[in-house]
Structure formats: structure tokens, C-alpha cells
There are 2 protein chains.
Amino acid sequence: MSQRNIAVTDQPGAGAGPEDCPLPEVLALIGGKWSAQVLVELGAGPRRFTQLERAIEGISRRMLTVSLRDLERNGLVTRTVHPDSPPRVEYATTPLIEDIREPLEALTAWARRAAPVITAARRTYDSHR
Amino acid sequence: MSQRNIAVTDQPGAGAGPEDCPLPEVLALIGGKWSAQVLVELGAGPRRFTQLERAIEGISRRMLTVSLRDLERNGLVTRTVHPDSPPRVEYATTPLIEDIREPLEALTAWARRAAPVITAARRTYDSHR
DNA sequence: CGGGATCCGCCCGGATACTG
DNA sequence: CAGTATCCGGGCGGATCCCG
């Protein structure tokens, strides 16, 4: 997903360009098609692979795996394997994302309110052109 | 960009599925590679096309156009043409995005703080595997 | 100045099949 | 149960050229 190593401010030395904008980098972290939903689901508590698969309607095994690996790589979720049979793997969020839970919820709330306006704007734009 | 008409809650009737998650839809609105930076730049005040082009380092004319059209279509920015010669076009944000300015800034602030942790997590993950 | 049109490479993500 | 492997199409975004 974000296998491309986005900048995330390399080398603090040398002056750190003042024009860098971290926002796109955040979006690169959770901007995948499913990452956000995975995060939301895990926000409610630890979940197993199959639980997530069933909770997130429409996601494929592959994309769930990819998304989880990506989030894990960036330190946003943890993966713990319980040595059981059948295998049992649990995913959970890390404290890292605690601080963005609120902004993310604010965005979600905004989406609900703005939805009709956006839909209308689109219809206007599309009909005009 | 988000030419694909994402759901944005169609038909309020019929019960509106309780499982729908608006977060991915927001990200579809501003999750493009440049949209967020355009929004940030316009947040500082109205800007002309060339101003944006110079402010957002690395963007091409094409992508700036595409991003602006997309934002305009979704009602997030306005485009006003001043009948001058040479042509003069100004872009500005709409009141719609007022409400997400704060969450967006929170995300940005988070990005700055979390950057080193994320970088470290990545190195650990990559070296292990 | 502020675009539009076209071509194209690449990577995201879907479908399917196989595995410890 | 929890993945991995492979194939593949579509679209996102870069480069380049042209236009009013």
C-alpha cells in the first residue's frame, strides 16, 4: 500500500524544508481503500482476522492481509499470534493512533453532514458540463 | 480523481445501512495525491492558478487542473474567472471545508509528532523481514 | 496566463487457487 | 483459521505538446 517509503521527514538535519506538508503523508498511511475501515473496526477492540473479514463488507482476504501488513509496518497496529490449533491471530491498535481517533471521528461526522451538499454540488457540476 | 461517484449516502430512504463508514468517502474526496495540499494552500486565502503551481512543489499543470476540477466538482472550492487580459482565475475554499479545517490540522500535528515513531517502526519491520 | 488533449507506465486492488 | 501466490485489468498520475 504505502510500500513506497513516503518521506515522513527524513534526516532532521540540514534544515528540514519549511515547505513540507505532513498531511499528504498521513493520507498515504491510511488513504488505502480499506485501511481506514480496518482502523475503525480495530478501534472498537482487538479483532481476529476472520472477524475483520466479516465486519468489513466487501474486502477480500488478500486486501485485508495487505492492509494489515501495511498498518503493522507503520506501527499503527500490532499482530499477535497465539500458538493454538487452529491458529489464532489477533490484531489491535497501538497507542500511536490514540491521538488521531478524535480528528478521524470529526472527519466522519463532517462527512455525514456534508454528504447531501456534496451530492448536490456534483449534480450541479455534472449537469452544467 | 474521485470521478468514480462514491456513495456519499445515496437515498436517505429505505433505512440507510448501519454498517456504512463515511471515513473512506472523505478520504476519497481529499485522498488524491495533491488534493490535500491544494486545500491547505487555499486555506491560507484565495490563490491564482500559477500561485498554486509554484507553491505546491512538484505538481504538474495537469494534476493541478485535475485536482482543482475535482475539488470544485465536489463543492469544496470555487473557481472565479475575472475577465481580464491576460486571463485571471482565482480559486478559494467554500464554507463547506471550514468544519474540517480543525480535524485536518489535528491530523497534520499528529503527523509531525508520530513521524519518528513511524520511521522507526518501518525500519524495524523491514530489517526483521 | 490557464488551461485541454493525448499517450503511457505503474501500481492498486479484484478474482482465483493453493497452503501450513 | 489465516494466510500466500499468481494473474490481470483499470485508473491514477507523470510527461509532453497544443491552444485561446
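Proteins come first, then strands; the chains are lettered A, B, ... in the order of their sequence lines, and each starts at number 1. The figures here come from the full heavy-atom set of this structure, side chains too, leaving out hydrogens, waters and symmetry mates. Quantities reported herein were computed from a predicted structural model and do not represent experimental measurements.
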N/O donor-acceptor pairs under 3.5 Å from side chains in residues 102-111 of chain B, not counting sequence neighbours:
| from | atom 1 | to | atom 2 | distance (Å) |
| --- | --- | --- | --- | --- |
| B:Thr108 | OG1 | B:Leu104 | O | 2.9 |
| B:Trp110 | NE1 | A:Leu96 | O | 2.9 |

In whole Å, what is the span from the CD1 atom of A:Ile59 to the P atom of C:dG13? 10 Å
Are any non-hydrogen side-chain atoms of B:Leu68 and B:Glu72 less than 4.5 angstrom apart? no
Report the distance from atom CE of A:Met63 to atom P of D:dT4, rounded to the nearest whole Å. 13 Å
Using whole Å, report how far CG of A:Asp70 lies from C1' of C:dC11. 14 Å
Can a side chain N or O of B:Tyr91 be found less than 4.0 Å away from OP1 or OP2 on C:dG3? yes
Can you name the nearest heavy-atom pair linking A:Asn74 to B:Ala121, along with the distance? C-CB, 3.9 Å
Between B:Thr93 and B:Gly43, is there a donor-acceptor pair closer than 3.5 Å when you use the side chain of the first and the backbone of the second? no
Considering residues at least two apart in sequence or located in another chain, which fulfil the side chain to side chain contact (heavy atoms under 4.5 Å, CB included) criterion with A:Glu53? A:Phe49, A:Thr50, A:Arg61, A:Leu64
How long is the line joining CD1 of B:Ile56 and P of D:dG13, in whole Å? 14 Å
Collect all protein-nucleotide pairs involving nucleotides 15-20 of chain D in which both atoms are nitrogen or oxygen and the distance is under 3.5 Å.
| from | atom 1 | to | atom 2 | distance (Å) |
| --- | --- | --- | --- | --- |
| D:dA15 | N6 | B:Arg62 | NE | 3.4 |

B:Leu27 atom CG is separated from C:dC12 atom C1', nearest whole Å, by 16 Å
Distance in angstrom units between B:Leu52 CG and C:dC1 P, rounded: 14 Å
Once you round it to whole Å, what is the distance between C1' of C:dC12 and CG of A:Leu64? 16 Å
B:Arg69 CZ to C:dA5 P: how many Å, rounded? 11 Å
List the residues meeting salt bridge (charged side-chain N to carboxylate O under 4.0 Å, His left out) with A:Arg113, not counting sequence neighbours, and say none if there are none. B:Asp99
Let me test you: for the helix from C:dC1-D:dG20 to C:dG20-D:dC1, what is the angle between the axes at its two ends (five pairs each), rounded to 10 degrees? 50°
Looking only at atom types and distance, does a side-chain atom of B:Thr124 sit under 3.5 Å from a main-chain N or O of B:Ala120, one as donor and one as acceptor? yes
Distance below 4.0 Å between B:Thr65 side-chain N/O and C:dG3 OP1 or OP2: no
Give a yes or no on whether the backbone of A:Gly31 and the side-chain of A:Ser35 come within a donor-acceptor separation of less than 3.5 Å. no
Could you list the residues that satisfy salt bridge (charged side-chain N to carboxylate O under 4.0 Å, His left out) with B:Arg101, not counting sequence neighbours? B:Glu98
